[in-house]
Every structure is written in structure tokens, then in C-alpha cells.
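Bear in mind that the values here come from a model prediction, so they are computed numbers and not experimental data.
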Amino acid sequence: CHRELKPGAYGHLGKILEGCNQWPLDPPKYKDMMEEFINLYLSRNIMRGIALALGGSPYEFEGDRAGDAFWVTSIIGYPGKPSENGQENDIGCGAHTDYGLLTLLNQDDVINALEVRNLSSKWISAPLVSGTFVCNICDMLKIYSNGLYESTLHRVINNSDKYRVSVAYFYETNFHTAVEPLDICIQRTGAAKQVDKAVYGEHLVGKVLTNFVHYDQLSTFEPLVFSITSKKW
């Protein structure tokens, strides 16, 4: 589910994202619970801390940058199966970086499956810490920080025989924001801009069209979206 857009809200570019979220009726009050989670404003407060850490005002990432932030929430299920002949399971989610500013991930408290690539280009497990969120730096924050912060390459492999669930909240910039390095970050790196600027909405839509196959409405069937980031549908 994502921030609901009325037709034409973001022009032709945002058309692929228009529409209402389709909330399940079971379990009861699911929609209310998820909207409460979405409206905690935790990401905005973390971004204020990051802005201070970069040497700027706590409000660097508000106003025209992320004062009208786009957001996406994914409740993701990863089927488990016993390993056969000691082999690892197929990748549940292939290696990728996230698109926006910050991702907050509420992991399953029992099954460890998230892996991140470290500075030595080795895949390491992201350890489970009960009662906490994993904070993941994303593509737009890499640009704003002029490369001081690296967007984290990560993947998911569920080697457990148990079904794993995670809840990811993606906190983005304003849709039409032209993202480029902050002056304070250019000064800190002591160099010119190290990364190219990007218009967030163009970056997001480009990623969506790359990562998903979209079928137009056919006859009485609803439009379908299939993830192709894993080997199995």
C-alpha cells in the first residue's frame, strides 16, 4: 500500500501509482492498525537526527524536500521450506537498494533472513534485535549526503522451514523533488558534487517499471501486478 493519489495528482508521471489501497477485511481492524503504524512519524524524527548528524538544521529534509513525503508500506511474506541436501533456498528477494530516503523494517522476531553487503562486498546477516526496527539508508539520502551515506544493498534468503513475515515502511521525498547534494555535505566532502541529482518521482517510476510486470485491464479481470524479483511467482 502507498500514499493514495487522486487522478492527476502527480500528472502523467504518477498515473501508474494512482488509486486506493485495497485493504483486506480479515483480520478485523487491519486497516486501522496499519494506518496507525504509518502515521507514527518515526521516520521524520529519524531524518531530523540524520540532518543534525550531517551538520545541518533538523529541518533539512522537510519543506520542499520531504515536507509532503510520498510513502510506501509492504507487508511481505517469504515461504519457507526445508533445505534439500544442505542447499540454501532460492532468494526470496534479490539484491537491491531502496528508492527513497529511509526504510524502517519490522523483522520477524524468530527467523533471520535479511542480508546486507558490507564494505568488503561480503554478504552478512542483519541480526535480529527484538522490539527494534532495521533502518536502511536509501538512494535519495545517498544523493543528499553527497555520498557520505551509502544506500544499502540488501537481499532476503529464508533458509528456515517456517513462513517469514516482515513489514517495510519506505519514507520518501516529495514526489516532484529534484534531489541533489546538500551544500553542507559538499563542504564536508571537500569536493564538488560526487553523485548525480535525480527527480524522485522519475526515479521511483523507473524502478517500479523495472521491478514489476504490469498487465492492463482485460475484460472483467482486475489489473494484476506480479513481482519478478524472485525466481518463483
Of all residues at least two apart in sequence or in a different chain, which pass the side-chain hydrogen bond (donor to acceptor under 3.5 Å, both in side chains) check with [X]?
X: Thr103; answer: Asp98
X: Ser125; answer: Asn112
X: Glu202; answer: none

Check the surroundings of atom [atom1] in [X]: do more than 12 heavy atoms from other residues, nucleotides or ligands lie under 6.0 Å from it?
X: Phe37; atom1: CZ; answer: yes
X: Asn118; atom1: CG; answer: yes
X: Leu25; atom1: CG; answer: no

Test your reading of the model: is there a side-chain donor-acceptor pair from [X] to the backbone of [Y], 3.5 Å cut-off?
X: His203; Y: Gly201; result: no
X: Asn158; Y: Tyr78; result: yes
X: Glu18; Y: Gly8; result: yes

Quick one: do the Glu172 and Tyr200 side chains pair a donor with an acceptor below 3.5 Å?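 Note: Glu172 and Tyr200 side chains meet the donor-acceptor criterion.
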What is the ring orientation for His176 with Tyr10, classed by angle as parallel under 30°, tilted 30 to 60°, or perpendicular over 60°?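 The rings of His176 and Tyr10 stand perpendicular, inter-plane angle above 60°.
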Whether Arg65 and Glu60 form a salt bridge (side-chain N of Lys/Arg under 4.0 Å from carboxylate O of Asp/Glu) is what I want to check.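 Salt bridge flag = yes for Arg65 with Glu60.
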Is any side-chain N of the basic residue among Asp183 and Arg188 closer than 4.0 Å to the acidic one's carboxylate O? no
Flag the pair [X] / [Y] as yes when at least one side-chain heavy-atom distance between them is below 4.5 Å, and no otherwise.
X: Ile38; Y: Tyr171; answer: no
X: Ser74; Y: Phe170; answer: yes
X: Phe133; Y: Leu42; answer: yes
X: Pro181; Y: Ile143; answer: yes

Can you name the nearest heavy-atom pair linking His2 to Asn21, along with the distance? O-ND2, 2.9 Å
Counting the benzene-type ring for Trp, do Tyr144 and Phe61 have ring centres under 6.0 Å apart?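 Yes.
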